[in-house]
Amino acid sequence: MTLAIIFIYLALVLSLGVLSHKFFRNTGEDYFVASRNINWFVLLMSLFGTNMTAFSILGASGEAYHRGIGVFALMASSSAIIVPCVFLFIGTRLWKIGKQFGYITQVQFFRDRWESNGLGLLLFTVLVLLLIPYLLIGVVGGGGTLSTITENAIPQWLGGLLICAVVLCYVTYSGMRGTAWVNTFQTLVFMTLGAITFIVITKGMGGVSNAIKTVDSNLLMQEGNIKPLELLTYTCIPLSVGMFPHIFSHCLTAKDVGTFRYPIILYPICIAIVWIPSVLLGILGNIDFGGLKGPAANDVLILMIRQYAPGILSGFLAAGIFAAIMSSLDSQSLSLGSMFTHDIVRPYLRTKGMEQMSEKQQVWLGRLFVIFIISITYIISLIATPSIFKLAIWSFTGFSGLFPIVVAALFWKRSTKSGVYAAIIVVILLWLYFFLSFWKTPGYSIGGTGIMPVAVIIVVSSLTLFFVSVITKPPSSETINKYITMGKG
């Protein structure tokens with residue numbers, strides 16, 4: 001019965017994607033940014049849903065299982081403040097610039113802002129490499145969910161393949177509009193079923209207060225589990241939304257700048273609805289499933305669902321987890337297809353003096369790259385067994401390190417392409433050093449102080465960008481005034 005419900009849910013998702021295709025205008029702009037005509041509710045659900053992948057559901061529960069209530073403070077509380085601020089000060093300005101100059105991707109903007117095609121190529125490469133681990137979270141989380149909920153009747157490789165196949169179908173067929181519609185549906189599903197999951201499981205455990213009494217008290221205290229400097233520097237992680245390609249794409253879909261008003265106001269509420277149950281259930285998982293080691297804790301929520309909500313309800317709750325996973329995987333893969341089309345192929349044709357692609361060719365090229373990137377991600381998922389939370393944090397760390405670039409693009413006239421080049425290179429080198437040296441180290445921080453690598457990377461990239469820009473030639477005054485004025489207007 002559980003499998004039947006999951007397959008019915010996946011069929012509904014596909015049907016909604018197909019239905020949205022009826023409104024497809026067969027243009028590149030419609031395929032990649034839904035003709036910039038999305039209303040506030042769909043924008044809210046899309047922005048929130050695409051940011052809440054397996055990381056927020058499975059990863060948060062798994063990390064809370066090991067580290068306790070402080071996990072909520074690490075990401076959820078800071079995200080509830082910082083992410084809306086990024087939408088307000090960064091997202092709205094990017095929308096205005098994208099609307100005025102017809103941008104589809106962030107790389108297009110950065111390339112023109114600093115008058116450098118080479119910079120666009122470098123940024124494309126870095127963004128793709130950083131986004132693949134984020135894509136991997138969805139594939140690994142989806143496959144693991146289906147495997148655990150069916151007691152390995154469906155192996156993880158087949159579950160991951162199923163997730164990839166469904167996402168590919170509606171993304172390649174319907175583009176951004178289909179993705180936005182499906183994201184809205186899936187976000188409502190996982191928010192609703194997440195609340196139901198919490199109520200059902202805690203009721204089965206004798207109520208929240210009764211269950212908490214039996215949990216190790218250390219898990220209910222931040223002190224000892226999370227250092228103050230770690231808590232402080234984790235606030236840098238949510239800055240990553242300012243450089244996520246998929247978030248940039250969704251921002252461009254807004255009907256007008258006023259469309260951002262309610263997403264900015266309601267985003268913190270959505271955070272609370274999803275993160276509070278996930279963290280608390282992760283902590284309570286220690287009662288019945290103690291002793292889970294490392295990445296095995298990613299499955300604690302599924303194990304609790306299987307124990308306290310068997311049968312039909314188990315299928316519905318598993319579908320809710322699937323919804324959270326797919327609502328990110330689709331937007332991320334589409335944004336990569338968009339970047340490949342507009343930041344690699346079209347500039348290449350232009351420099352070679354070749355005929356530009358038709359609207360239909362742009363759509364098909366984007367579709368082919370989506371297929372390619374998801375295929376690569378799926379292959380990697382067959383050999384990867386990471387902690388979902390840690391994998392996400394490392395991915396976010398790289399994007400956060402690039403955040404000073406978008407700030408400089410919008411607010412600092414004196415920033416130069418040389419400064420941006422230097423900042424990107426510094427981010428790459430530092431990220432590789434920290435990741436290759438310490439990704440296997442549980443709870444790693446700089447010198448054991450609690451300071452996260454992301455804080456160091458942001459500071460160093462900011463200083464590099466500043467000092468190199470000061471001593472190098474800025475873009476033309478026409479370019480500077482064009483983008484700074486437009487961003488503020």
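Each residue takes its place number in the sequence, starting with 1.
Interatomic distance, D30 CG to M176 CE, rounded to the nearest 0.5 Å: 10.5 Å. Rounded to the nearest 0.5 Å, atoms CD (Q307) and CD1 (I201) are 9.5 Å apart. Put simply, CD1 on I424 and CZ on F110 are 8.5 Å apart, with the number rounded to the nearest 0.5 Å. Here the straight-line distance linking atom CD of Q186 with atom CG of L12 works out to 10.5 Å at 0.5 Å rounding. From F72, atom CZ reaches atom OG of S79 across 9.5 Å, with rounding to the nearest 0.5 Å. Here the straight-line distance linking atom OG1 of T233 with atom CD1 of I458 works out to 9.5 Å at 0.5 Å rounding.
Here the side chains of L130 and W431 are in contact, with some heavy-atom distance below 4.5 Å. Proximity of L94 to C251: side-chain heavy atoms (C-beta onward) are nowhere separated by under 4.5 Å. Within the 4.5 Å cutoff, the side chain of C236 has no heavy atoms near those of the M452 side chain. Two residues are said to be in side-chain contact when any heavy atoms from C-beta on lie closer than 4.5 Å; C164 and V139 meet this criterion. Counting heavy atoms from C-beta on, the side chains of I457 and V454 never come closer than 4.5 Å. In this structure, T202 and Y308 have side chains that are not in contact, with every pair of non-hydrogen atoms separated by 4.5 Å or more. A 4.5 Å side-chain heavy-atom check between V427 and V460 finds every atom pair outside the cut-off. By the 4.5 Å heavy-atom criterion applied to side chains, I6 and Y9 are not counted as neighbours.
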Would you sort out whether L301 and Y65 count as a side-chain contact (heavy atoms from CB on, under 4.5 Å), showing the intermediate values? CA-CA 10 Å; L301 182 57; Y65 176 91; over 6 Å; no

Using side-chain contact (heavy atoms from CB on, under 4.5 Å), reason through V407 and F89 one step at a time and then give a plain yes or no. CA-CA 9 Å; V407 174; F89 296 107; over 6 Å; no

Candidate pair M243 and V406, rule side-chain contact (heavy atoms from CB on, under 4.5 Å), full reasoning: CA-CA 7 Å; M243 283 298 295; V406 70; 3.9 Å; yes

Apply the test side-chain contact (heavy atoms from CB on, under 4.5 Å) to residues T253 and N37: give CA-CA distance (whole Å), side-chain angles for both, the deciding distance (0.1 Å), then the verdict. CA-CA 6 Å; T253 66; N37 199 33; over 6 Å; no

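Contact detail for M205 and N210: the closest heavy-atom pair is O-ND2, 3.3 Å. Annotation for S331 and H250: closest pair OG-NE2, 2.7 Å, computed over non-hydrogen atoms. Across all their heavy atoms, I380 and I132 have their closest contact at CD1-CG2, 4.0 Å. When all heavy atoms of K255 and W95 are compared, the closest pair comes out as O-CZ2, 3.7 Å. Residue L465 comes nearest to A408 through the heavy atom pair CD2-CB, 3.6 Å, listed as atom of the first residue, atom of the second, then distance. In terms of heavy atoms, L382 sits closest to W157 at CD2-CB, 3.6 Å.
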Which donor-acceptor pairs under 3.5 Å do the side chains of residues 260-272 make with protein atoms, sequence neighbours left out?
residue, atom, partner, partner atom, Å
Y267, OH, N51, ND2, 3.0

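For the ring-ring contact (aromatic ring centres under 6.0 Å, His included) criterion with F244, the lone passing option out of F403, F87, F399 is F399.
T50 places no side-chain N or O within 3.5 Å of a backbone atom of S46 that could act as its donor or acceptor partner. Although no hydrogens or angles enter the test, the distance criterion places no donor-acceptor pair under 3.5 Å between the side chain of S174 and the main chain of V171. Checking side-chain atoms of S400 against main-chain N and O of S240 turns up a donor-acceptor pair under 3.5 Å. One N or O on the side chain of T184 and one on the backbone of A180 form a donor-acceptor pair closer than 3.5 Å. Under a 3.5 Å cut-off, the side chain of S147 and the backbone N or O of G143 do not form any donor-acceptor pair. Between the side chain of S461 and the backbone N or O of A423 there is no donor-acceptor pair closer than 3.5 Å.
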